[in-house]
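Computed from a predicted structure; not experimentally measured. Residue numbers begin at 1 in each chain, while the letters A, B, ... track the order of the sequences.
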2 protein chains.
Amino acid sequence: MRSASIGDMAQHPSAASTGRIDKRAAILDAAFQVFARDGYANAAVDVIAAAAGVAKPTVYNHFTDKQTLFREALAADAERVLGRNLAVVQRLSDGRGELRARLEDLGVRLIECYADDRSVAVRRLLCAEASTFPEIHSEIREQTGERVVAALADRFAHLVLDGTLRECDPAQAAEQFEALLAGPMEHRSRSGSRKVPAAARRAIAKAAADTFIRAYAR
Amino acid sequence: MRSASIGDMAQHPSAASTGRIDKRAAILDAAFQVFARDGYANAAVDVIAAAAGVAKPTVYNHFTDKQTLFREALAADAERVLGRNLAVVQRLSDGRGELRARLEDLGVRLIECYADDRSVAVRRLLCAEASTFPEIHSEIREQTGERVVAALADRFAHLVLDGTLRECDPAQAAEQFEALLAGPMEHRSRSGSRKVPAAARRAIAKAAADTFIRAYAR
DNA sequence: CATTGATTGAACTCACGGGTTCAATTCGCT
DNA sequence: AGCGAATTGAACCCGTGAGTTCAATCAATG
C-alpha cells in the first residue's frame, strides 16, 4: 500500500466501507481537480492516480487513455454545473413578489453558480483546450450555457405573456440578462485574482436587474 | 546588454533586405502564432524557431527561456489589441449624429476588435495559462480590458454631463455596455466554432445599443 | 582585410510523462 | 473456503521537448 495515499481516501465519506467499488468516481473526481489545477498537458496521470488513491494501471483500466479520462471528467462536472444552474432558473417561476426582487434574487443565485470553483474550472478548461478538443467545446457548451439561456428565455416568455415584461424577443432578453451578470463578474475577477466578495456580487445583481427592468419591464 | 538589440529598435516591418536584423520581432510574432495554435505546453521551441526562420539557439539568445518568450510574445500582442480598442472608443467622442447611431457604430467596431483572431487568441491564452502564469493574468488583463472599460466610462461621463445620458454611474454603464456586446458574442461563438457572421454581429450591436439606450438615455 | 559578435545546424543531455507488462495481492461473491 | 475479477506496485519502453554545447559561418564595422 502506498504511503502517499494516506489522506486520499478521506475525501469520500462514502469511501469508508468502500473496498474496490466506485474507484471510478474517485478517479473522475481526482482527475478533474488535477486537470483544473495543472491544465491538461501538465497533468500527469500518475498524479491523478495518486490523488484518487489508486494505482496507475487502474486508471487505464477504467479509461482507455488520458484524453478519454479528460473528456469524461469534464463532462461529469459540467453536468453538475448545468443542473445547479437550471434549478436556479426554474425558481424564477415560483416567485410571487415584485419583479425587481425576483430578478435580483435570480441574479445573485446565478452569480453564485457562476463564481463556484468547479464552474470556473470547467469554463477555464473548456476554453483552454478548445483547440485540442473541438468536440468537447461544442458538446458541453451547447448543452450547458446554451440550455441555461434557453431556460431563462422560457421564463421570460411567460413574463411577456402575463404582461410583466414588454413585448420583446425572450431569447435576446435572456442573453442580455446573463451578459449583464457574467460580464461585470469577469471584469471584477480580472483585477486581483481573488474571489469577488459577496457584497460586490449583490451589487452586480442589483445593477443588472435595474438595467434589465429599465429596458424590458412594461 | 545585447549589442544586437541596436537593430531591434529600427522597426522595419519589411524584412526584405533583412540580413540579421529584427530577428527578435520575427521570433515574437512566430511565437505568438504557435502558442495560439498549440497552447503553451504543446508549443515546441523548435517549431517556433522554424516558423520564425531562425535557429533554436538564436531564440535562446534573445529570450532566456520559454516562459520569458511566452510572456513577451503575449504582452506584445496584447499591446496591439489594446491600442485598437482604445482607438475605437476614442472615436465615440467625434460622433455628431444620433446617440443610437453612434452607439451602434461603436458596438460594431468593438465587436470587430473582439472577434479579431489575434484578440481571440490573446484572451484564450490568457485564460488557459492563468493558473500557470498568474502574473500575466493581472498585468495584461488590468492594462487591457480594464483600460478599455475605463476609456468607455470616460466617454459616457461626458454624455452624462451634456445631458445625453441620464444621471448614472458611468463606470457601471461602461461595464454593462461592454457586457451587452461581449456576452452575446461569446454565446454565438459557442454553437459551432465558426466565426460569427457580420450580419449577426450587427444585430448584436443593434440589440446592445437598444437596451443600453432604454436603460441609460435621458 | 581582419576582427567582432551574432547566427547557424547538428548533435547532445536530461527530465518528464504516456502507456504497458507482469507477478503478487486483494476483493467480492458464492 | 475458494474462485475469478479487479487492483496493485514496480519496473520498463519510448517519444518528446527544454535547454546547451560547439565548431563553422556570416554580416558589419574600423
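A residue-by-residue look at B:A41 and B:P57 shows that B:A41 has its nearest nucleotide of DNA chain D further toward the 5' end.
Using a 4.0 Å cut-off between charged side-chain N and carboxylate O, A:D116 and A:R123 make no salt bridge. Comment: A:R141 engages B:E186 in a salt bridge, judged by a side-chain N to carboxylate O separation of less than 4.0 angstrom.
Rounded to whole angstrom, the span from the CD1 atom of A:I48 across to the C1' atom of C:dG18 amounts to 11 Å. We find that CG of B:N42 is positioned 18 Å from P of D:dG15, with the value rounded to whole Å. Per the geometry, CG belonging to B:D46 stands 17 Å off P belonging to C:dT13, to the nearest Å. A straight line from CD1 of B:I27 to C1' of C:dT7 spans 10 Å, rounded to a whole angstrom. One interatomic measurement links the two molecules: CZ of B:R24 to P of C:dT7, which rounds to 11 Å at whole-angstrom precision.
Residues A:L103 and A:D210 fail the side-chain proximity criterion, which asks for heavy atoms closer than 4.5 Å.
Among the protein residues, B:A49 comes within range of no part of the nucleic acid, since none of its heavy atoms lies under 4.0 Å from any strand.
With C:dT8, D:dG9, C:dG17 as the candidates, the nucleotide lying closest to the side chain of A:A55 is D:dG9. For B:K23, taking side-chain heavy atoms from C-beta onward, the closest of the listed nucleotides C:dT7, D:dA18, C:dG18 is C:dT7. Nearest nucleotide to the side chain of B:A44, out of C:dT8, D:dG17, D:dG9: D:dG17.
Between the side chain of B:K56 and the base of C:dG9, no donor-acceptor pair under 3.5 Å is found.
With 3.5 Å as the limit, one finds no donor-acceptor pair spanning the side chains of A:Q67 and A:Y40. Side-chain contact of B:T68 with B:D65: a donor-acceptor pair under 3.5 Å is present, judged by distance alone.
Here A:Y114 pairs with nothing under the ring pair (Phe, Tyr, Trp, His ring centres under 6.0 Å) rule; sequence neighbours left out.
Taking the six-membered ring wherever Trp is involved, the centroid distance between the rings of A:F70 and A:F32 does not fall below 6.0 Å.
Contacts with DNA chain D (heavy atom under 4.0 Å) in residues 58-70 of chain A: A:T58, A:N61, A:H62, listed by number.
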